[in-house]
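In listed order, ligands and their atoms are each counted from 1. Hydrogens, waters and symmetry mates are skipped; everything else that's a heavy atom, side chains included, is used.
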Amino acid sequence: MPFQLTDEQLLTRDAVRQFAEAEIAPIAAEIDRDHRPPLESIPKLAELGLLGLVIPEEYGGTGADSVSFAIAIEELSRVCGTHGVLVEAHSSLCTWPIVHHGNAEQKQKYLPALASGEAIGAFGLTEPGAGSDAAHTATTAQRDGDDFVLNGQKIFITNGGFAKTFVVIARSLLDVPGVKGLSAFIVERDTPGFQVLEPERKMGIRGSSTTPLAFSDCRVPAANLLGREGEGFKIAMQTLDGGRTGIAAQAVGIAQGAFEAACAYAKERVQFGQPIAALQAIQWMIADMAVDLEAGRALVYQAADLESRQEPHSQASAMAKLFCGEMATRVTGKAIQIHGGVGYTEAYPVERMYRDAKITEIYEGTSEIQRLVIARQYLR
Ligand SMILES: Cc1cc2nc3c(=O)[nH]c(=O)nc-3n(C[C@H](O)[C@H](O)[C@H](O)COP(=O)(O)OP(=O)(O)OC[C@H]3O[C@@H](n4cnc5c(N)ncnc54)[C@H](O)[C@@H]3O)c2cc1C
């Protein structure tokens with residue numbers, strides 16, 4: 001039976017779609033071309049409640065369920081993958097761990113600003129020597145009195161260029177090897193010894209700010225330890241369980257945008273005296289794209305629904321991320337094929353969507369890592 005959205009979820013979809021078409025679609029090509037973070041969108045996203053979706057109402061958020069969150073990310077990504085990941089990383093990767101692992105003081109201090117857009121969030125796990133393999137995290141956090149002193153480097157941090165609040169994973173139990181020595185910290189942007197370095201120039205989601213972070217004797221108050229010492233890896237993995245559903249939703253959104261563009265073009269482009277939509281070769285591509293999208297969206301809703309009901313969802317989110325990442329690359333590729341030569345140019349949005357789709361197979365755990373997570377459940 002197809003997943004039935006509630007009236008509230010349908011309202012969320014309509015409101016975010018309307019907003020995205022009116023406010024984001026007009027700047028999507030330009031921020032991509034100029035590699036420009038869309039800072040002007042932040043107050044607008046906040047006004048619509050999109051920066052506080054995972055934050056309880058008592059801290060200024062909307063306390064939305066996970067399906068509504070996925071719908072919002074899909075709708076933003078349908079017109080612009082950059083906006084989708086801005087909200088996704090802010091919400092799933094920084095805000096979520098503070099909501100679920102923060103103490104009362106940390107929630108009071110950080111969540112209202114994250115909900116209002118006064119602070120954008122980011123999450124720092126990846127390092128030059130620790131990508132898929134977080135056990136080799138080399139950034140250290142050495143206890144010194146009432147502080148932890150951070151030293152090391154992170155790379156590829158989404159929202160890095162403008163975020164104010166960072167959740168950072170570092171090794172605080174220096175004599176405990178592997179993931180058990182890791183802890184999570186909330187780090188404020190203006191902390192002395194903390195530096196955000198030059199953004200990467202990327203293939204896609206070019207408006208998204210992706211930066212390295214450097215820590216040089218950066219003193220973070222012990223009060224900013226998130227959860228308990230040694231829980232950093234557990235917190236990061238739980239964070240990524242939800243995050244992966246968000247990236248899967250981003251992938252569905254990008255693919256949906258490309259699908260709609262391909263349908264419109266197929267009806268309008270005439271060759272051999274008829275619209276190419278009349279050709280069976282084109283119809284088959286459209287049919288395959290539609291099936292891919294339905295399957296991907298169902299996996300996203302299933303994972304998000306499990307999360308909303310607080311049931312185990314690592315497996316479901318890994319499946320959604322794996323399928324939707326690869327599906328988005330397939331669907332956007334077919335959208336270019338249907339456009340022919342113009343699809344390969346910047347004149348049509350499918351070229352940008354194809355480039356944006358690829359990252360959904362890589363970040364928050366590559367497709368290979370999702371396969372490991374999934375297979376492990378069956379083989380242990
Ligand atoms: C645009 C962008 C934004 C990002 N945002 C963030 C962010 O906000 N925060 C953050 O912490 N990180 C972020 N990342 C990092 C991202 O999560 C990593 O790039 C990703 O997890 C892969 O790590 P890696 O790049 O080091 O690749 P590697 O781990 O070096 O992998 C290279 C290849 O080897 C494969 N591989 C590795 N290990 C295995 C294995 N055990 N079995 C099978 N295959 C394997 C991988 O699948 C991949 O194909 C971002 C990256 C990008 C490009």
Side-chain angles (χ1 to χ4, degrees), residues 31-32 35 37 73 77 81-97 120-139 152-163 165-171 178-179 182 184-185 187 189 196-215 226 232-233 235-244 246-248 250-251 254 317-318 321-322 325-326 328-329 352 355-376 379:
I31 61 167
D32 171 69
H35 295 248
I73 299 299
S77 306
T82 282
H83 279 79
V85 75
L86 189 161
V87 174
E88 198 279 335
H90 163 85
S91 309
S92 298
L93 300 186
C94 175
T95 305
W96 189 92
I120 290 294
F123 173 72
L125 173 65
T126 306
E127 299 186 358
S132 302
D133 181 11
H136 280 92
T137 296
T139 298
Q153 201 188 349
K154 298 286 174 184
I155 52 169
F156 296 144
I157 307 309
T158 300
N159 295 343
F162 50 86
T165 307
F166 294 74
V167 169
V168 174
I169 307 297
R171 185 170 303 284
V179 297
L182 304 180
F185 299 90
V187 182
R189 187 184 189 88
V196 175
L197 305 177
E198 279 300 297
E200 304 291 344
R201 285 181 72 85
K202 305 188 297 296
M203 166 185 174
I205 53 161
R206 290 178 172 171
S208 175
S209 165
T210 311
T211 69
L213 311 177
F215 302 91
L226 195 55
F233 184 71
I235 292 173
M237 291 306 110
Q238 287 178 2
T239 298
L240 288 173
D241 278 347
R244 285 168 181 167
I247 297 303
Q250 184 200 19
I254 295 169
S317 65
K321 164 84 166 61
L322 170 61
E326 296 185 351
T329 301
R352 165 171 55 86
R355 289 186 284 102
D356 285 356
K358 182 62 192 172
I359 189 60
T360 65
E361 294 182 67
I362 296 172
Y363 55 20
E364 300 203 25
T366 63
S367 290
E368 292 71 33
I369 294 302
Q370 306 315 311
R371 287 189 168 89
L372 281 185
V373 171
I374 295 162
R376 219 178 262 150
L379 300 176

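- Two residues are said to be in side-chain contact when any heavy atoms from C-beta on lie closer than 4.5 Å; E364 and E88 meet this criterion.
- Looking at ligand 1, you won't find any N or O of L93 less than 3.5 Å from one of its N or O atoms.
- Atom 7 (C) of ligand 1 has F156 O, 3.3 Å as its closest protein atom, hydrogens excluded (heavy atom only).
- With H90 contributing its side chain and G121 its backbone, the two residues share a donor-acceptor pair below 3.5 Å.
- Contacts between V85 and ligand 1, counted as non-hydrogen atom pairs separated by less than 4.0 Å, are absent for every part of the residue.
- Remark: side-chain polar atoms of K321 are not paired, donor with acceptor, to backbone N or O of I247 under 3.5 angstrom.
- Distances from atom 34 (O) of ligand 1 to the protein include no heavy-atom value under 4.0 Å.
- For atom 12 (N) of ligand 1, the nearest protein heavy atom (residue, atom name, distance) is T126 OG1, 2.7 Å.
- In terms of protein heavy atoms, atom 1 (C) of ligand 1 is closest to K202 CD, 3.6 Å.
- In this structure, atom 30 (O) of ligand 1 has no protein heavy-atom contact shorter than 4.0 Å.
- None of T165, V196, L213 except one satisfies the side chain to side chain contact (heavy atoms under 4.5 Å, CB included) rule with R189; the exception is V196.
- Screening Q250, K358, H83 against I205 for a side chain to side chain contact (heavy atoms under 4.5 Å, CB included) leaves a single residue, Q250.
- Residue, atom and distance of the protein heavy atom nearest to atom 2 (C) of ligand 1 are Y363 CD2, 3.6 Å.
- Nearest non-hydrogen protein atom to atom 24 (P) of ligand 1 is G131 CA, 4.0 Å.
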Step by step, work out the side chain to side chain contact (heavy atoms under 4.5 Å, CB included) result for E198 and T211.
-> CA-CA 6 Å; E198 279 300 297; T211 69; over 6 Å; no
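- Note that atom 46 (C) of ligand 1 has protein non-hydrogen atoms nearby, at separations under 4.0 angstrom.
- Under the 4.5 Å side-chain criterion, counting only non-hydrogen atoms from C-beta, R244 is in contact with V373.
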Kindly indicate, with the supporting measurements, whether the criterion side chain to side chain contact (heavy atoms under 4.5 Å, CB included) is fulfilled by W96 and Q238.
-> CA-CA 10 Å; W96 189 92; Q238 287 178 2; 4.0 Å; yes
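- Considering backbone and side-chain N/O of I205, none are found under 3.5 Å from N/O of ligand 1.
- When each atom of ligand 1 is checked for a heavy atom of T366 under 4.0 Å away, the hits are 22 (C), 46 (C), 47 (O).
- Summary of contacts: the protein heavy atom closest to atom 20 (C) of ligand 1 is I362 O, 3.7 Å.
- Protein heavy atom nearest atom 36 (N) of ligand 1, with residue, atom name and distance: S132 OG, 4.4 Å.
- Donor-acceptor pairing under 3.5 Å is recorded for the side chains of K202 and T210.
- When non-hydrogen atoms are compared, ligand 1 lies under 4.0 Å from the side chain of L372 (C-beta onward) but not from its backbone.
- For atom 8 (O) of ligand 1, the nearest protein heavy atom (residue, atom name, distance) is T158 N, 3.0 Å.
- Using a 3.5 Å distance cut-off with no hydrogens or angles, the side chains of T139 and E127 do pair a donor with an acceptor.
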Would V167 and L93 satisfy side chain to side chain contact (heavy atoms under 4.5 Å, CB included), going step by step from the backbone distance to the final call?
-> CA-CA 8 Å; V167 169; L93 300 186; over 6 Å; no
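- Residue contact check: E364 has heavy atoms under 4.0 Å from atoms 17 (O) of ligand 1.
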